[in-house]
Each structure stands twice: as structure tokens, then as C-alpha cells.
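Notes follow once the structure below has been shown.
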Amino acid sequence: MAEPLKNVYNESFFEKFLQVLKKAYPLLNKAEFLSDIYSKDWPEKELKQRMYHISTILYNHLPKDFKQATDILVQTAKLLKTKKESMSFEHMFLPDYIEKHGLNDYQTSIEAMEEITKFTSCEFAVRPFIIRYPDQMLFQLLSWSKHSDVMVRRLASEGSRPRLPWAMALPRFKKNPSPIIPILKNLKNDPSEMVRRSVANNLNDISKDNPDIVIKLVKEWKGESAETHKLIKHASRTLLKEGNNEVMKVFGFGTKRDINISNFQILTPRVSIGDFLEFSFVLKNKSKTASKIRLEYGIYYKKANSTLSRKVFKISEKEYSANSTTKITRKQPFKIITTRTLYPGVHQLALIINGKELEKLNFKLL
């Protein structure tokens, strides 16, 4: 079994971290710090709880003057940083410190986040500042989108995502994302794929509330470069899953009028948790020309309240030759994972062509 992610905070981690922290703050008492870290309930704390706990212990041991404390954290981050594109998630308690204690000191916090994000992303910490100081932060985000450091540019996009997972939403941008579009335009041709992917994720967030804005940008940016094509394709993933006709046309998916599905069957109608659902079908392209098709399937998972919730999985995006017949077989694992609880009972499976769902078949999870 894989090691729990929370165990990244082990003896070796704290030894290295405190060694560096003490260089930035010689008055630190390492023994007392560790004693406070390993509280009685430390073993029960999960990953995020441990992050927040470390942030609290930092506050207890650093100077109470916020400017002095953030100077120490910035210096610590600089000493720890070893890579140009750094994504040290385990040190995200550093920006959490800024988020918790710096909301009333805008300038100090912004300067600190600009440096700390070069080592560990401040995408979560920056969001309360966007809500508290909307106009100032829009100006700051736009400025960061032109920054020389790749991680600061990424923060401009990732921090302004309306629906960033595991973070507080940004209702203002969910309602009207227009103010952040100039930021994304600045970054769409960024030399870093990581930044461009963040732009795509931001646009995908926007598409869930304001699809017309994203469709317009996808059409405008189409054909600019291979990198931009990849960006807009990733940005359109929700619209593609929804079968949006305009987006389907942008990416060359043809009509499904001459596509026929037959012999759709579930080969394992009773599936035990830990095993695979196996199914097959035959796809016929009756057209006299090749057809580019986006082929997916949806699993309707049973929830705790016995309702069903669909999750879509891609089979392929490809051209099917004229007058062709293709037999397709797939397996879907039903392993226990942390992001989904499996409930025994009747589930459903559906095929999806260019975003349009076909018939559903039942199967039973044991």
C-alpha cells in the first residue's frame, strides 16, 4: 500500500526545514518547535490539517511583528529553492501563514507572496486578498502576468481561477470573468507549458459559468500555434464533454448522423469492488468519407443517497474510415480510491458520441 501523503512531514523533512529556518532566524529553538509540532493528536491529523498545524506553530515561534516574520519566511523559501519551476506542495504552510496573518497588511503580504510563490505556490493564499482588495489585486495580477519569473506568472493565472479546486471560490469572477481575460491573454503564449496549462484550467473554470466567453476566445486563438491549439483543447474539455456543437466544429468533429453503434453489451454485469467492468460494442461509419469522432463513455456511480452521478471517460478522438466497422472493448477498474467512495448496488454505463449520450445499460457492483 502506498505511503500516506501526510507522512511527507517526517523526521527528515523537519530536520532539513528547521536547519534552513534557523539560518534565517538564529533565535529559533528547534527542540521546542519540534515538541510543539508533535502534539498528542499529530498522528491523527491528515495532510491539510498538518499543513495548518505547522503554520500555527510557526506563528507561535516567529516574531509577532508580521513584517519581521515574513522577511524570515521569504529568506527561508529562497534558501530552500533549488529549481526554476518549483512546485513544493509540502511547504504550502508558508503561504498559509501569509493568508492567516497578513490580510490587514496588503503591501507586506503581496511582496512576500511574490517571493514565496517562486518556491511554493501561493495560489490558495492570494484568494482572500482578491476578495478583500479586488481593484488593487486585479492590477497586481496583471502586473504578475508580465513578471520575469515563471512561477509568479503562473500565480497570476492559477490564483485568479474562479473555481480553483480545494480553494475558496471567487464569486465575482464566476459571475463576470471579463476582468481576468487580459491576464490570460498575456499568458496564452507563455514559454512555460506549466503556465499555459494554468491558463487552460482557468478558461475551463470560466466555461462552466460563462461558456460564450470561452467559445469566443477558442475561435479567436485557433490556429495561432501548436502550443495554443493544445491550450484551447484542454480549456474546452468541459464544453467537449457537454457536446457543445460550436466547440465540436472548432476541433473538426464531424456529424454522428452516419455513425451507428451496435452490439453494445456489458461483459461483466456483476462486478466486485477491486475488479473491472468490461464492455464492448461495434462502431460503424456508414459515410462515404472518413469521420472524426470523439468517443467516450459515462459511468453512473451510485451515491450514498442511492442517486446516480455520471463520470465521463474518453475512449478516443480519431478518424474512422469511410464504410468501416470497428469493434471496441474497454475495461473500467473499480478499485478503492481516496477521491471516490464506491457503494454496492445498481450502476449504469452509457456510450457518448461527440458529447451526445446513447442508451444506458445497468450493471451491479458487489
Side-chain angles (χ1 to χ4, degrees), residues 8-9 13-14 17-18 20-25 27-28 33 36-37 45 47-81 85-145 147 149-161 164-170 172-173 180 183 198:
V8 69
Y9 298 120
F13 173 86
F14 286 116
F17 174 70
L18 292 179
V20 174
L21 181 61
K22 193 166 178 63
K23 288 182 181 178
Y25 182 49
L27 296 178
L28 178 74
F33 190 100
D36 289 346
I37 286 289
K45 291 183 184 295
L47 179 66
K48 274 196 169 183
Q49 292 173 315
R50 291 188 175 188
M51 283 184 178
Y52 300 150
H53 178 65
I54 297 168
S55 173
T56 299
I57 302 306
L58 274 172
Y59 179 77
N60 293 340
H61 284 262
L62 292 180
K64 291 301 176 281
D65 179 79
F66 181 70
K67 177 69 167 65
Q68 189 178 355
T70 53
D71 286 346
I72 292 167
L73 296 183
V74 166
Q75 182 62 20
T76 300
K78 287 180 177 180
L79 291 170
L80 286 167
K81 181 176 169 62
E85 294 191 4
S86 179
M87 291 289 286
S88 177
F89 84 91
E90 63 266 36
H91 290 89
M92 288 184 78
F93 52 80
L94 298 178
D96 182 68
Y97 185 102
I98 307 298
E99 178 183 349
K100 281 180 177 174
H101 306 292
L103 202 53
N104 293 323
D105 189 342
Y106 175 86
Q107 195 58 41
T108 299
S109 296
I110 293 306
E111 291 173 3
M113 283 193 284
E114 184 173 314
E115 292 302 320
I116 289 173
T117 203
K118 297 173 185 178
F119 170 61
T120 183
S121 178
C122 291
E123 64 202 62
F124 298 130
V126 77
R127 299 170 79 80
F129 291 85
I130 295 173
I131 292 173
R132 172 77 71 88
Y133 307 99
D135 295 334
Q136 287 171 270
M137 282 305 305
L138 271 174
F139 179 83
Q140 186 62 59
L141 291 165
L142 191 63
S143 175
W144 279 343
S145 72
H147 200 279
D149 189 277
V150 60
M151 297 306 296
V152 178
R153 296 197 305 275
R154 179 184 178 274
L155 177 61
S157 171
E158 200 71 7
S160 63
R161 285 179 59 179
L164 180 66
W166 305 297
M168 65 172 64
L170 297 175
R172 181 185 181 189
F173 296 156
I180 60 175
I183 296 166
S198 177

Using the test side chain to side chain donor-acceptor pair (under 3.5 Å), find all partners of [X] that sit at least two apart in sequence or belong to another chain.
X      : answer
Lys48  : none
Arg161 : Glu158, Asp205
His91  : Ser88
Asn104 : Arg132

Can you find a pair of side-chain heavy atoms, one from [X] and one from [Y], that are under 4.5 Å apart?
X      : Y      : answer
His147 : Thr117 : no
Met137 : Val126 : yes
Thr56  : Phe93  : no

Work out which heavy atom in [X] is nearest to a heavy atom in [Y]; give both atom names and the distance.
X      : Y      : value
Ser121 : Met92  : O-CE, 3.5 Å
Ala125 : Pro95  : CB-O, 3.3 Å
Gly159 : Ile130 : O-CD1, 3.4 Å
Ala169 : Ile131 : O-CD1, 4.0 Å
Phe66  : Gly102 : CZ-CA, 3.3 Å

| message | Pair Ile116, Tyr97 - check side chain to side chain contact (heavy atoms under 4.5 Å, CB included), show working. | response | CA-CA 11 Å; Ile116 289 173; Tyr97 185 102; over 6 Å; no

Taken in chain and number order and not counting sequence neighbours, the residues that satisfy side-chain contact (heavy atoms from CB on, under 4.5 Å) with Ala167 are Phe124, Arg127, Leu164

Contacts of Ala156 meeting side-chain contact (heavy atoms from CB on, under 4.5 Å) (sequence neighbours excluded), chain-then-number -> Trp144, Ser145, Ile183, Leu187

Out of curiosity, [X] [atom1] to [Y] [atom2], how far, rounded to the nearest 0.5 Å?
X      : Y      : atom1 : atom2 : value
Leu155 : Met113 : CG    : CE    : 7.5 Å
Ile72  : Leu21  : CD1   : CG    : 7.5 Å
Met51  : Leu94  : CE    : CG    : 10.0 Å
Ile54  : Tyr9   : CD1   : OH    : 5.0 Å
Leu80  : Thr120 : CG    : OG1   : 10.0 Å
Leu18  : Phe13  : CG    : CZ    : 8.5 Å

Test of understanding: with ring pair (Phe, Tyr, Trp, His ring centres under 6.0 Å), list the residues that count as partners of [X], not counting sequence neighbours.
X      : answer
Phe129 : none
Tyr106 : Tyr133
His53  : Trp42

Check your understanding: So, do Tyr25 and Phe33 have ring centers that fall under 6.0 Å from each other?
Key -> no

With sequence neighbours left out, the residues meeting salt bridge (Lys or Arg N to Asp or Glu O under 4.0 Å) with Lys23 are none

Residue set satisfying salt bridge (Lys or Arg N to Asp or Glu O under 4.0 Å) with Lys45, at least two apart, ordered chain then number -> Asp41

Side-chain donor/acceptor of [X] to backbone N/O of [Y], under 3.5 Å:
X      : Y      : value
Ser160 : Ile180 : no
Lys22  : Leu28  : yes
Thr70  : Ala112 : no

Counting only heavy atoms not in Phe139, do more than 12 fall under 6.0 Å of its CZ?
no

Which donor-acceptor pairs under 3.5 Å do side chains of residues 58-65 form with protein atoms, sequence neighbours excluded?
| from | atom 1 | to | atom 2 | distance (Å) |
| --- | --- | --- | --- | --- |
| His61 | NE2 | Asp36 | OD2 | 2.7 |
| Lys64 | NZ | Tyr59 | O | 2.9 |
| Asp65 | OD2 | Lys67 | N | 3.4 |
| Asp65 | OD2 | Gln68 | N | 2.8 |

